[in-house]
Every structure is written in C-alpha cells, then in structure tokens.
Amino acid sequence: MQYLLFPLLLLVTKVSSGYINRHTYNFTLAYADNSTSVLLVNNQFPGPTIRVNVDDIVVVHIHNALHTMEEVTIHFHGMLQRQTPQMDGVGFVSQMPIPRGRTFTHVFQAYPAGTHMYHSHAGLQAVTTFGALIVDDPERPWEMPEAPSGPIAFSDEWTGVDRLTQEQGLIGSPFKWEGEPSHLLINGQKSFVLTLDPGRTYLLRLVGGTSLSTVVFGIAQHPMTVVEVDGKLVVPKKNMTSIEIASGQRYAVMIETKNEYTGVYAMQASIRWRLAAANSSCIGILRYGLQSAIPANISSLALPSLSNETELLLFSFNQRYQSLLPDEKMPPGDQGRPDMEIILVATQEYTADGKGIRWLSNNATFDMHRLQNLSTPLLMDLYHGNEENLPNDVIYTIGSNQLVDIVIQNTVALNGVCESHPMHMHGHKFWIHSYGTGLYDPARNILPDRRDPGLRDSLMVYASSYAYYTPNRSVSNHGKPCGWTKLRMISNNPGLWMFHCHIGAHSFMGMNVLLKEDIEHLPYDQLVRYKWWHRNGYMSSTGECFDIGNSTRESLVLFEQRQRKFRKQTKIPVEYMDHITDENVLQHFDVFCGKHDAAGNGGLMRLGPVPLFFWKRPAQAVEYSGISNQLTHGDQRATDACRYYGALIVAALSGEPKSALLDKNFYENHKKWFGNVPLHSDIREISQGSYDVQNGYNDGIRGKGFVVDSLRAALWAFRSDDNSFEKGVLAAINLGDDTDTTAAIYGQLAGAYYGYSNLPSKWTSRVYAKE
Ligand SMILES: [Cu+2]
C-alpha cells in the first residue's frame with residue numbers, strides 16, 4: 001500500500017540522447033496601471049508560468065521597467081542552482097539589485113523536477129510579483145491530466161494600503177505593522193472557478209504565493225492525496241480533507257472527480273496562525289464542465305471542513321510526509337549526531353531607540369538595508385577573497401559535504417504572542433528531523449521523531465505555546481521559548497545561501513541568515529561544463545557545439561571515460577556524477593585529461609573567464625589559468641602561455657598601462673603572481689619581446705594553431721593596434737591561417753585593456769545572441 005504511487009508513474013527507461021533544451025523567457029517588471037507600488041511580471045497576476053523539463057537550461061531576462069528608483073530581483077524558489085549560486089536572485093548577496101532600465105539575465109539548470117515558483121526577493125514586492133515554475137521529468141511523467149487552468153496559486157492582498165508605505169512602517173521608528181491582508185486570492189481572484197471533467201483523476205499543483213498568510217485549503221467532498229511536497233515525491237498521503245500551505249510551500253495532490261454529469265462544489269482557503277484573520281477566507285468553485293451552472297448565491301454551497309491550528313500542528317508533529325524514493329532518505333548521523341549543529345534563536349526586539357522592531361537570529365538582525373552601500377554582491381566578494389564587507393554576525397560557515405542540523409528556536413514576540421514562521425532554505429533540500437514544544441535541548445533532542453521524513457525546502461516553526469488563542473497573554477512572556485523545529489541537510493552545494501522566514505514582513509524586518517559554503521574553484525566542475533557544451537551545446541550562442549579542436553574533443557571523451565570508471569569505483573549515483581563538489585572525493589579524480597604533447601591553442605583561446613574571475617587574486621588567477629589549460633592540453637608551452645596571458649589580462653584589468661603589459665621584464669615585475677615558477681623558454685622568449693617586430697607576417701608572425709605561434713601573433717597585434725581594438729582584430733585576422741582563434745586570443749587581452757565601451761558598436765550590436 002505504501003508504494004501505491006508506482007503504478008501511477010510511467011517509469012520509462014532512458015532512450016534519449018540526453019539532449020538539453022534551452023528555454024528563454026522575457027520578464028518585464030512594471031507597476032500595474034494606476035499604481036506606484038503594485039509590481040507585476042509582464043502585466044500579469046500571477047506572473048506567467050515557467051514550464052520546462054528537468055535539466056533544461058532556463059534563460060530569464062529580468063528587465064526593470066519601473067519609472068521610480070525601486071530596484072528588483074527575482075529568486076527561483078525551489079531551484080537548487082547547483083554550480084550557479086550567482087543566479088539565485090538575492091539582491092546584494094548573489095547579485096546587485098537590478099536598477100531602473102537595466103536587465104539581468106539568469107541562466108540556470110532546471111533542477112530538481114517538481115512544483116516550484118519564482119518571486120521577487122526585494123522588499124514586499126513578492127505580494128504581487130510571483131508565478132509558478134513547473135519542472136517536468138519526462139522519464140517519470142504523471143499518468144493523470146492536470147487541471148487545464150494550470151497550477152493553483154494562493155496569495156494575500158492588501159487594498160487601500162500602499163506597499164511602499166507598509167515597507168517604511170515595518171522598519172521605521174516608530175514601527176507600524178503592515179496590517180492583516182484584506183483578502184485571500186486564488187490565482188489572483190476572489191472567487192476562482194476550477195473547471196474539470198467528471199469521473200477522472202487529476203493532478204493539482206498548489207503554490208503558496210502568500211506574503212504573510214499561512215492558509216489551509218480544501219475542496220468540499222473531494223479528499224486529496226498528497227504526492228509531492230516542495231517538488232519532492234512523498235509516500236502518498238491519502239484522504240486529506242485539507243492541507244496547510246504556508247508562504248513558499250508547494251504541494252501536488254491527486255483528486256478524483258465524481259461520476260456525475262454536473263456538479264458544483266466549494267473550495268476554500270482560510271488563514272491560520274494569525275490573530276486578526278479568523279474570518280478571512282477565500283471561496284472558489286470546482287465545477288464539472290461548463291454544463292454545471294454556478295448558483296447565484298454561492299454561500300449556499302457546503303464548505304469543506306478545514307483543520308484548525310491544533311490539528312495542523314499535530315499533523316506536522318506526528319504524520320510527517322515521508323520520502324518516496326529510497327535514495328532520498330535522511331542519513332542517521334553518527335549515533336544520531338550530525339557533523340555540525342547550528343541553533344538559531346529567533347527573537348523579536350525593539351531597536352535602540354525603543355520605537356522600531358526587528359527580528360533577530362542569535363541576537364543579530366539582517367535586514368537588507370545593512371547591505372545597501374555595497375557596490376559588489378557578497379558572493380562576488382567571496383570569489384575575490386574579499387571578506388571585509390561580510391555581515392559576519394549573520395553568516396554561518398559550513399564545510400563541504402557535512403551533515404548539518406539547524407534548529408530554529410521560536411520565542412514569544414514583544415506583544416506576548418508566539419508567531420509561527422515558515423522558514424525557507426536556498427540552494428538545498430533538507431529533512432525535517434524533529435519538532436518540539438517549548439525549549440530545544442541539545443542533550444536530549446538527538447534522535448529524529450519520525451522515520452524517513454521527506455526532503456523539502458520549507459518548514460514551519462510552530463507556535464506550540466503562547467499562540468494567539470492562549471488565554472491571559474502577557475507581554476511579560478516576551479522572549480520565552482515557544483517551540484522549535486530541527487532540520488537536517490547535507491552541505492553539497494557551494495555558494496552563499498539565504499535561510500530565512502518566508503513571511504515577507506518578517507524577512508524584511510531582519511529574520512534572515514546566510515550559509516557560507518565552501519566556494520573554491522573546482523577544475524572538475526569546469527570539465528563538466530565543457531562536457532555539457534560538447535554534448536548539449538550548454539552556453540553556446542547557437543545552442544549546439546560547433547567547431548571543437550581535436551585535443552579538446554579527445555580530452556572530453558577521456559573525461560567521460562574517467563567519470564564512468566570513477567562511478568563504478570565509488571558507487572556514486574549517475575545523476576550526482578556531474579555535481580560532485582567534495583574536495584575529499586575529487587582528490588581521487590584525475591582532472592588533467594590533456595595529452596602530454598598537446599600544444600595547440602585550445603586552452604589559450606578560451607582562457608578569458610579564468611583571469612576575469614580571479615583578477616583580484618592574481619596568484620590564483622595565474623595558477624588556475626595554467627590548470628585550466630591542463631584539463632585538455634598537457635604541453636608545458638600551452639600551460640605557460642596561459643599562465644603568462646592570464647597574468648597580462650589581470651594586469652590590464654588592474655589598470656596597468658600598455659607599456660607595463662608589453663614590458664620585456666613583465667615576468668620579473670610580476671614574479672610573485674607566478675609563484676616564482678618560471679615560464680618555458682619558448683614562452684619566456686615571447687614575454688621578452690619576440691613579437692615586437694614591424695612587419696608582422698613578413699617578419700615571421702604566423703596565426704597558426706601551435707600555441708607559441710598564436711600567442712606571439714596575438715601580442716604582435718596588440719603591440720601594433722594604435723590603441724584601436726578594430727585595427728588589432730583586423731591585423732590578427734589578416735595574418736591568415738587560424739584567423740578566428742588568433743583574433744579571439746587578441747580580443748581577450750585587448751578587450752580587458754580597452755574596456756567594453758571602446759569596442760566598435762557596429763560589432764557589439766551584431767553579436768549573435770548577445771542577450
Ligand atoms: Cu516569520
């Protein structure tokens with residue numbers, strides 16, 4: 001019975017070529033008509049649904065078309081952003097917020113499959129700036145149809161209050177509460193009508209797009225079977241008359257429509273866990289086909305029976321959703337214990353002036369205003385080895401591939417009420433290890449309280465005491481412990497990740513922390529991406545790999561062979577093979593796939609991103625420039641050409657004049673960057689000026705595929721371009737032979753030196769797929 005779901009899933013064996021599709025979406029963010037604060041995606045509410053297959057590449061151009069100074073970002077909620085933490089959409093953390101008139105392009109792999117969402121991660125914009133993101137798994141399709149109208153998204157709405165005024169009040173002195181929502185909405189409507197056929201089984205996707213409200217949802221006489229939670233398959237939970245859906249949570253449920261020609265039933269979403277919201281609910285209609293007439297007085301319809309708070313809490317504590325898939329089970333730890341435990345005590349306190357209010361985690365508040373003076377996002381700072389801007393009181397550093405437990409300890413707020421908090425984790429799924437009332441005890445609350453909890457990315461920290469309905473509430477209870485939740489996760493995704501309350505107001509008032517997770521450069525990851533490019537056209541401007549050199553191709557084929565062998569030895573599941581980040585594991589993998597005599601220019605022509613990434617850390621830039629080459633080309637001359645050229649690009653970015661770049665003592669002048677490791681004599685000769693000749697081709701300069709020739713030719717073009725990028729490119733091309741590569745090598749240094757604005761616009765405007 002437990003594995004009832006399997007007959008419902010078509011388990012298809014993999015026959016495809018592994019072709020990865022690329023999907024492009026254009027999102028324009030602008031205010032709704034006649035509003036200066038209701039922010040919409042493409043003038044739709046909810047925003048357009050993104051729907052792709054698992055592992056597809058998703059490209060989303062986010063354009064800020066606001067006429068005010070308000071900035072925006074979009075977070076893809078539920079996407080793990082493996083190897084793309086810079087695409088997570090958190091302003092000042094993973095990227096700079098997008099200012100007026102500008103566009104930010106997200107490129108990421110759709111993973112994992114399931115029901116997800118996207119929403120603004122700035123201020124309270126997400127009240128109206130969100131939409132569903134559905135990732136299908138073609139190898140595991142649902143056998144039943146989905147509602148033709150698409151996912152069902154819940155949201156709350158404030159009428160008559162301006163969002164910007166709400167934001168000011170929440171962090172102002174004195175504090176002013178945003179107020180309870182005026183309505184709940186289903187798919188943006190007060191009385192949404194869901195039309196289904198009778199006598200069928202449907203899959204409904206439910207998306208918690210609320211900003212404040214936790215809702216409980218049901219359909220009269222249509223019990224639900226929950227099959228997916230936060231995008232992960234769970235052991236089907238049958239006969240649910242109502243489901244709790246907190247902000248940021250997603251569910252997929254099956255319902256059966258009855259065998260009757262016409263039928264009209266009430267759906268209802270009601271607010272839970274808020275004092276002032278007892279009578280706030282939203283009624284929708286389920287009808288069987290257009291032939292079913294909706295009664296004029298819909299209040300005559302019988303309502304579904306929805307769980308109250310006590311029932312919801314007991315359900316979560318005692319009837320946890322469980323993982324369906326065997327490889328998604330929670331590790332037991334060493335005698336129950338993780339490698340690392342973090343306890344976050346959430347408190348609400350007055351600001352120093354006694355008038356403002358903030359949420360704190362372990363006595364530190366993290367509202368985004370703390371970061372507003374940054375000019376680079378924190379993730380970029382970390383990549384550059386610059387830690388001086390990090391808000392260290394809210395950052396928790398975790399090592400690679402650790403079993404990490406995080407406990408969120410709830411406490412009574414300033415008004416004497418314990419609130420419930422739907423917490424959301426970026427970049428990871430986790431297991432809900434245990435729940436408790438009162439105070440967490442690290443010495444006693446060691447073992448999980450349920451078997452095989454499901455993986456998810458959101459959890460509730462309940463008010464298990466001092467809830468709003470507790471009699472004799474008193475502000476003197478402020479700070480008392482009132483319940484906790486413990487999650488367990490594996491730190492297997494390098495990046496800088498938010499963990500925060502998903503209630504918009506609470507996050508805005510500082511209820512956020514950051515997890516900093518091991519973000520060193522991994523040559524293995526670089527090879528994986530080359531492999532994807534070779535096989536699937538990953539990041540190619542045309543969507544496919546065109547023009548690959550022999551050495552590079554042979555190296556990538558060898559890499560795939562080594563991956564297969566490594567898989568057999570380590571028993572790592574195939575779907576994890578491209579995402580290994582554990583350096584302890586990777587030290588047993590030989591990433592140098594280049595032949596010893598491969599001295600072509602393949603490593604040099606693609607070098608640019610490496611020095612650009614590391615330019616603030618020159619020694620690493622030079623070292624990784626060499627390693628980057630060795631992945632596919634084993635000849636020392638090719639490696640040293642890349643080390644030298646990488647150093648030149650770093651020097652150009654650092655503002656050194658052309659005379660310093662072309663100085664015959666460049667190596668001596670930057671010896672530290674090279675770790676005192678000398679250059680091969682052929683490359684040293686070039687660095688000492690062998691390219692410095694008048695007549696190019698007639699003086700022996702050749703644009704050949706041999707790396708020594710290419711390097712010399714590119715530097716000759718740079719030396720003789722009269723400070724004109726256009727002239728330099730043409731000179732490189734006119735040498736003949738491997739024309740495009742010589743020009744590409746020239747362009748890396750010249751582009752870094754002259755800057756984008758000095759490239760000929762007649763060229764930049766015509767770059768293929770430049771967005
Ligand atoms: Cu909260």
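Residues: numbered from 1 along the sequence shown. Each ligand, and each atom within it, is numbered from 1 in the order the structure gives.
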Test of understanding: with disulfide bond (SG atoms under 2.5 Å apart), list the residues that count as partners of Cys501, not counting sequence neighbours.
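Disulfide bond (SG atoms under 2.5 Å apart) check on Cys501 returns nothing, list empty.
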
Under the 6.0 Å and 45° cation-pi test, does Arg82 pair with Tyr111?
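The answer is yes, since Arg82 meets both limits relative to Tyr111.
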
Under-4.0 Å salt bridge between Arg163 and Glu178
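No.
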
Inspect the contact between Asp156 and Arg274 and indicate whether a charged nitrogen and a carboxylate oxygen are less than 4.0 angstrom apart.
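No, no charged N to carboxylate O under 4.0 Å.
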
More than 12 foreign heavy atoms under 6.0 Å from CE of Met380: is that the case here?
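Incorrect, the count does not exceed 12.
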
Just the protein N/O/S atoms under 2.8 Å from the Cu ion (ligand 1), please, no waters.
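Hits for the Cu ion (ligand 1) below 2.8 Å: His421 ND1, Cys501 SG, His506 ND1.
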
Between the side chains of Ser464 and Tyr435, is a donor N or O closer than 3.5 angstrom to an acceptor N or O?
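No.
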
